[in-house]
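Report on the following structure.
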Amino acid sequence: MPAPGNKPKNLLGTLRELMAYMGRHKLLFLAVAVLVSMSAIANLVGTYMIRPVVDALAAGSFDTFVGYVVLTAVIYASGVLAAVGYTQLMVHAAQKVLVDIRRDLFQHIQALPLRYFDARSRGDIMSYFTNDVDTVAEAMNNSFALVIQSAIQIVGTLVMIFVLNWQLSLLVVVGYAAMFAYIRYSTKRSRGYFQRQQNVLAELDGYIEEMVTGQKVVKVFNHESKNVATFREKNERLRVAGTGAQTFAASMIPAVVSISYVNYAVVAVLGGFMAITGLTDVGALASYLVFVRQTALPINQFTQQSNFLLSALAGAERVFDALHEAPEEDEGRVRLVKTGKDTWAWQLPEGYGLGAWGALVPVAANGDVPGRAAGASAADGVGGAAADGTGSSSALAAEEAGAVAQTTARGVDGTELVTGLVPLRGDVRFHEVSFGYEPGHEVLHKLNIFAKPGQKIAFVGSTGAGKTTITNLINRFYDIDEGEITYDGINVRNIEKASLRSSLGIVLQDTHLFTGTIADNIRFGKLDATDEEVRAAAKIANADSFISRLPEGYDTMVTSDGANLSQGQRQLLAIARAAVADPPVLILDEATSSIDTRTEALIERGMDSLMNGRTTFMIAHRLSTVRNADAIMVLDHGSIIERGTHEELYALHGEYWSLCQGLKELD
């Protein structure tokens, strides 16, 4: 946040970017500039016409007087028509620019990694689309044309007064210099405050959004008075920033007007003496004094619009900073393709095969693989570890290697290399994986997890042990620091993120429902799902019963993130959403934590049907949900301290046994 007196971080850069958006509609803005110029020039020429009108009247030439009056009227009328034209065009031009900014911002926000959203409040992000874009809109609608008009009038007025009387104009220039000196000083002081105002406003909006969303929690814990105190503190910071910005900005117009009045008085007295002594004619003096009297108007307009521009640039800078955030990188080249009615496969890029740990290795036309290490085999590309979770190598992996690929090539050492299409099976393996959200703060350490297709793997442990982190790494919400994660023998880094995530079904503890019908919310898992598929998915999740009892069934509208449904019903819809996607891999992040025991018993059969034949990773909230898992991983501080089936772990009398006995809490 810039300190008062400092300009925004990149004022010129922000201006250039805004001008680039305006350049997309340059013909419209060019037409606006031409019409604004016509209006400003008409005003200048009209004022100058006072001279011949007064001189003709003083000379008693009535016909000449009438002719000049008519000509002056035509000039002013053309200026009025030009003003009407540019105001209408400016509305269209400004809205086109705002549409472009909002569209680019929304598209870019969608492409940002999850890390960006985890580090910012929703209110701060929403402020980009509301407060910040609104300030740009206000400046575009009100300031662009007036700034051009004011600049032309300022320069034109200087030219005209020198044409009329250069001696008096030297005094006027001194007044101009005083005006611009104060404007520069005031603008410099107010810039930092405008930037601070936008930042504090975004922070305040984020706090309000957070407190309103969590109002039930606030009332339960009697936190109202504390919230009010915090709000007052943030609101006071906004008041200070806003007052600082407006104090200097609001003083510009009175200062400029006062200087112009002094200028006018001095010039009027001296001009009168010059007219009396014959150094200037009365018409020229009359026109000259009107120009001097009008000197403050374009300068006032310019300074007034500079307030809007400063605020707009502060908002635009925040928007452009968001647009400069690095989008989520996707270096994957392996794509998921449909090979049959219900079958899918990973399509390797042409000319590549799978090397050790699922790495993409170029394959020569003759089948040779440049640089392939001697002794490497196809088994290296599918994990090379046992499915029992121990991390030891086994012949089973080598046996699976032959079934993974439809075609093979041979390396220079004669070994087979997986190429072509790799069937989608749901084989997920972690090999010595380490990860931390921040450098130096490791969350997972050297994890080895191997899940064969159709296996159910459960994670238990205390809060912060790394359970949810594991699921975030499978779908590449975050990328690992060390080790490899393979999916059907392919390193997940080599898989396109869209393809990877489309093969995963995720049910989170915190459900999110969108405005729309219940059918639409279930169909979010598969946008082209038929009504029959939606109903079948709801039946799998045991949601069909309560949906059918709703007044409009599957056409019942969901509003306010499902406020008209119970927490358990929302969770059932989330499970149905995963079911309709029909993925080979399921991630259940405490999926039944918000469902009562009776409801949980009702959906167990449906969940078993959903998990049947699918690799499933479960983060357990209740031990009853992990008893039937093929392998249970007990996590502690990012490491697996116990692994095995329920019976095996219970017999150890270790950490898992303590959890089962209620000696420790399962979070």
Side-chain angles (χ1 to χ4, degrees), residues 15 18-19 21-23 25-50 72-98 135-164 169 172-173 175-176 179-180 182-184 186-187 249-250 252-257 259-260 263-264 287-288 290-313 316:
L15 266 176
L18 190 56
M19 293 296 290
Y21 272 100
M22 295 169 64
H25 311 283
K26 50 182 172 291
L27 292 180
L28 264 178
F29 281 100
L30 180 61
V32 169
V34 170
L35 291 175
V36 169
S37 301
M38 289 176 58
S39 177
I41 292 172
N43 185 58
L44 290 170
V45 176
T47 302
Y48 179 80
M49 288 301 295
I50 295 175
T72 302
V74 171
I75 293 171
Y76 277 119
S78 64
V80 170
L81 291 175
V84 172
Y86 81 68
T87 53
Q88 295 302 309
L89 286 178
M90 192 63 223
V91 170
H92 294 285
Q95 291 304 313
K96 285 180 179 293
V97 170
L98 295 175
T135 58
V136 177
E138 189 173 359
M140 293 288 291
N141 287 319
N142 300 326
S143 303
F144 176 76
L146 285 177
V147 166
I148 295 176
Q149 185 180 47
S150 300
I152 293 174
Q153 286 184 328
I154 291 171
V155 174
T157 298
L158 279 173
V159 172
M160 297 304 291
I161 61 176
F162 269 95
V163 169
L164 291 169
S169 298
V172 176
V173 169
Y176 261 58
M179 293 178 191
F180 282 110
Y182 185 80
I183 290 171
R184 182 180 179 186
S186 183
T187 300
M252 285 191 278
I253 292 178
V256 169
V257 170
I259 294 172
S260 70
N263 222 12
Y264 180 80
S287 180
Y288 188 90
V290 173
F291 272 119
V292 174
R293 182 67 185 85
Q294 291 179 347
T295 298
L297 179 61
I299 297 178
N300 283 341
Q301 286 181 337
F302 189 84
T303 54
Q304 188 175 25
Q305 298 312 312
S306 69
N307 298 339
F308 293 119
L309 289 173
L310 285 172
S311 182
L313 289 174

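The basis for the numbers below is simple: all heavy atoms, side chains too, and nothing from hydrogens, waters or symmetry mates. Quick note: residue numbers are just sequence positions, from 1. Please read these numbers as outputs of a predicted model, since none were measured by experiment.
The minimum heavy-atom distance linking V97 with M22 is given by the pair CG2-CA, 4.1 Å. Across all non-hydrogen atoms, the minimal contact from S287 to L164 is OG-CD1, 3.6 Å. Shortest non-hydrogen contact noted between V36 and Q149 is CG1-N, 3.4 Å. L28 and A93 get closest at one heavy-atom pair: CD1-CA, 4.0 Å. Nearest approach of A40 to I152, heavy atoms of both residues: CB-CG2, 3.7 Å. The nearest pair of heavy atoms linking M49 to I75 is CG-CD1, 3.9 Å.
Residue M140 holds its CE atom at 6.0 Å from CG of L98, rounded to the nearest 0.5 Å. Expressed to the nearest 0.5 Å, how far CG of L27 lies from CG of L89 amounts to 11.5 Å. Rounding to the nearest 0.5 Å places CE of M38 at 12.0 Å from OH of Y86. Here the CD atom belonging to Q95 is positioned 9.5 Å from the CE atom belonging to M90, to the nearest 0.5 angstrom. Between atom CG of residue N141 and atom CG of residue L146 there is a gap of 11.0 Å, rounded to the nearest 0.5 Å. To the nearest 0.5 Å, the span separating OG1 on T157 from CG on N43 amounts to 8.0 Å.
Under a 3.5 Å cut-off, the side chain of S39 and the backbone N or O of L35 do not form any donor-acceptor pair. Side-chain atoms of Y288 come within 3.5 Å of backbone N or O of S169 as a donor-acceptor pair. Between the T87 side chain and the V84 main chain, a donor and an acceptor come within less than 3.5 Å of each other. Looking at T47, its side chain never comes within 3.5 Å of a backbone N or O of F291 through a donor-acceptor pair. In this structure, S150 contributes its side chain and V147 its backbone to no donor-acceptor pair below 3.5 Å.
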Residue pair Y21, V136: steps toward the side-chain contact (heavy atoms from CB on, under 4.5 Å) verdict
CA-CA 12 Å; Y21 272 100; V136 177; over 6 Å; no
